[in-house]
Amino acid sequence: MSQPASTGALRLSLLYAVVFVEIGIAMPFLPLWLGALGLDASVIGLLLALPIATRIVATAPLMSLIDRGVAARSLLIAGSLGVALTYGLMPAGAALGWPLLAALTVLNAVAAAPLVPSIDYLTLAAVRREPRLDYARIRLSGSVAFLAANILGGALLGALGEAVAVPLLLTGLALVASLVAVASRTVAAPPPPSDAPGPSPRLPACLWLAIAAAAAIQASHAAIYGFASLHWTAHGIATAWVGTLWAIGVGAEIVLFAGIGFLPPSWRTPFRLLAMGGVAALVRAVGMTFLGTELPAVVALQCLHGFTFGATQLGAMAAVSAFAPDGARGRAQGTLSAVNALASACATLLSGLAYRDGGALVFALMAPLALSGLGFAMVAARAARRAGRG
């Protein structure tokens with residue numbers, strides 16, 4: 001007997017929530033823990049860059065295991081346990097020297113690489129099986145959990161001290177994620193076909209172009225993620241406003257995920273969603289270049305995050321769901337994550353050099369990325385129509 005659609009949605013939402021709570025603690029507070037260890041800034045930079053490089057290399061091969069019969073839920077369980085183990089060992093590794101800590105960081109990133117793509121894979125499979133489910137509404141729980149972790153995590157770590165609380169909290173959250181994955185047997189996707197002769201099917205050109213579009217648009221966030229806070233405070237925007245501005249961005253993302261289902265279906269196609277993200281990213285890049293020091297303008301520009309991130313994410317997921325062939329859906333999901341990571345890493349390195357030498361011009365450099373993403377989306381739509389998939 002199949003589970004009710006509402007039950008499947010709830011369990012998938014819970015998986016997103018527990019994983020994104022962990023990410024919401026790690027992203028802002030793990031650097032603080034590294035700083036509390038007294039490590040040199042160059043070592044901290046290396047330790048923060050290692051997970052990005054690891055995801056680029058590890059995500060696609062790990063997700064391809066799904067196409068060979070490994071259950072996505074098994075990847076979730078193994079990955080969460082690996083994340084818990086490595087976080088738990090990090091304090092001891094740090095005490096023995098940063099090279100050991102670096103090795104644990106790489107292992108941690110390998111374990112974490114398939115977590116979000118695996119939940120995406122399970123959710124898209126559930127939506128294909130049960131059209132009443134809505135990917136955006138399910139994914140919404142991850143954004144809400146991330147925002148809550150940012151806010152409540154700061155208060156908790158302030159009370160306990162990051163030197164103790166960060167690794168302890170991350171270990172506990174990863175264990176909770178593994179328990180939720182173990183308990184979520186009913187959200188398992190059907191196994192991929194195992195009797196197809198020959199090599200695994202190739203990803204179609206329209207999907208590759210959609211992946212390129214999503215990666216370029218998401219990479220256009222690099223300057224904002226890396227240097228917007230510095231830029232704002234350097235030009236007189238109060239530090240107290242910085243957290244609020246970031247919360248506005250995540251709030252806009254949540255609103256989009258909650259409300260996208262009310263748009264006509266013709267506006268929720270993969271390429272139209274990607275195009276919305278590309279246009280918004282272009283406006284945001286230009287706006288940050290010329291108005292990024294004016295608080296009212298910055299508030300409005302942060303609201304565009306709902307489109308620059310949210311619409312782009314939804315468009316990419318819709319493209320994977322619509323165009324990835326059976327027997328290659330895991331590889332498609334992993335390829336999307338790996339290409340996103342590679343593009344964002346390159347854009348972040350470029351942003352660092354540009355901000356050092358050009359200040360606000362770093363935001364202007366994100367405009368060509370947004371424009372190229374928009375172009376890829378348009379070409380992808382034409383390729384899909386030519387292939388009879390549009």
Side-chain angles (χ1 to χ4, degrees), residues 8-30 33 47 50-52 54-66 68-93 101 103-126 138-139 141-146 148-150 152-153 156 165-189 191 330 333-334 336-338 340-341:
L10 179 62
R11 288 173 177 166
L12 289 164
S13 296
L14 185 58
L15 281 171
Y16 276 117
V18 294
V19 170
F20 273 91
V21 164
E22 179 190 325
I23 296 172
I25 295 293
M27 280 185 66
F29 301 116
L30 193 61
W33 178 68
L47 293 173
L50 280 173
I52 300 173
T54 303
R55 283 198 302 273
I56 294 170
V57 175
T59 306
L62 287 171
M63 291 300 295
S64 295
L65 294 175
I66 295 175
R68 300 170 191 167
V70 176
R73 179 170 155 270
S74 297
L75 284 180
L76 272 172
I77 295 170
S80 296
L81 289 173
V83 168
L85 178 62
T86 49
Y87 274 137
L89 291 174
M90 279 185 184
L101 181 58
L104 288 169
T105 298
V106 171
L107 293 174
N108 177 275
V110 171
L115 296 186
V116 175
S118 292
I119 306 175
D120 285 335
Y121 176 91
L122 289 170
T123 304
L124 293 180
I138 295 170
R139 174 60 176 77
S141 63
S143 299
V144 172
F146 182 88
N150 287 172
L152 300 178
L156 179 60
V166 170
L168 180 64
L169 188 57
L170 290 174
T171 300
L173 289 170
L175 287 173
V176 169
S178 67
L179 292 174
V180 172
V182 168
S184 300
R185 290 184 295 274
T186 53
V187 302
Q333 202 76 56
L336 172 64
S337 296
N340 273 343

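Remember, it's a predicted structure, so these values are computed and weren't measured experimentally.
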Measure the [atom1]-[atom2] distance between [X] and [Y] for me, rounded to the nearest 0.5 Å.
X      : Y      : atom1 : atom2 : answer
Trp33  : Leu168 : CH2   : CG    : 12.0 Å
Leu115 : Ile119 : CG    : CD1   : 6.5 Å
Arg55  : Leu50  : CZ    : CG    : 11.0 Å
Leu65  : Ser118 : CG    : OG    : 9.5 Å
Leu30  : Met90  : CG    : CE    : 6.5 Å

Would you call [X] and [Y] a side-chain contact if the rule is heavy atoms closer than 4.5 Å?
X      : Y      : answer
Phe20  : Val116 : yes
Gln333 : Leu124 : yes
Leu76  : Leu122 : yes
Leu107 : Leu89  : no
Tyr121 : Leu75  : no
Val19  : Ile23  : yes
Leu81  : Leu175 : yes
Val110 : Leu62  : yes

Note to self: Could you tell me if Ser143 and Arg139 have a donor-acceptor pair between their side chains, going purely by distance under 3.5 Å?
What the structure shows: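 Distance-only check passes for Arg139 and Ser143.
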Shortest non-hydrogen contact from [X] toward [Y]:
X      : Y      : result
Ala113 : Ala58  : CB-CB, 4.5 Å
Val21  : Ala149 : O-CB, 3.5 Å
Ile77  : Ala181 : CG1-CB, 3.6 Å
Ser337 : Pro117 : OG-CG, 3.2 Å
Asn150 : Gly24  : ND2-O, 2.9 Å
Arg73  : Ser184 : CD-O, 3.4 Å

Notebook entry, point to check: Do side-chain atoms of Thr86 reach the backbone of Val83 as a donor and acceptor pair under 3.5 angstrom?
Noted result: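 Flag set: sc Thr86 to bb Val83 pair under 3.5 Å.
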Next item on the list: May I ask you to decide if Ile138's main-chain N or O and Ser141's side chain share a donor-acceptor pair within less than 3.5 Å?
Entry: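 At least one qualifying donor-acceptor pair exists.
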Notebook entry, point to check: Under the side chain to side chain contact (heavy atoms under 4.5 Å, CB included) criterion, do Thr123 and Tyr16 qualify, and how do the steps go?
Noted result: CA-CA 10 Å; Thr123 304; Tyr16 276 117; 3.3 Å; yes
Next item on the list: Starting from the C-alpha separation in whole Å, work towards a yes-or-no answer on side chain to side chain contact (heavy atoms under 4.5 Å, CB included) for Leu14 and Arg11.
Entry: CA-CA 5 Å; Leu14 185 58; Arg11 288 173 177 166; 5.6 Å; no
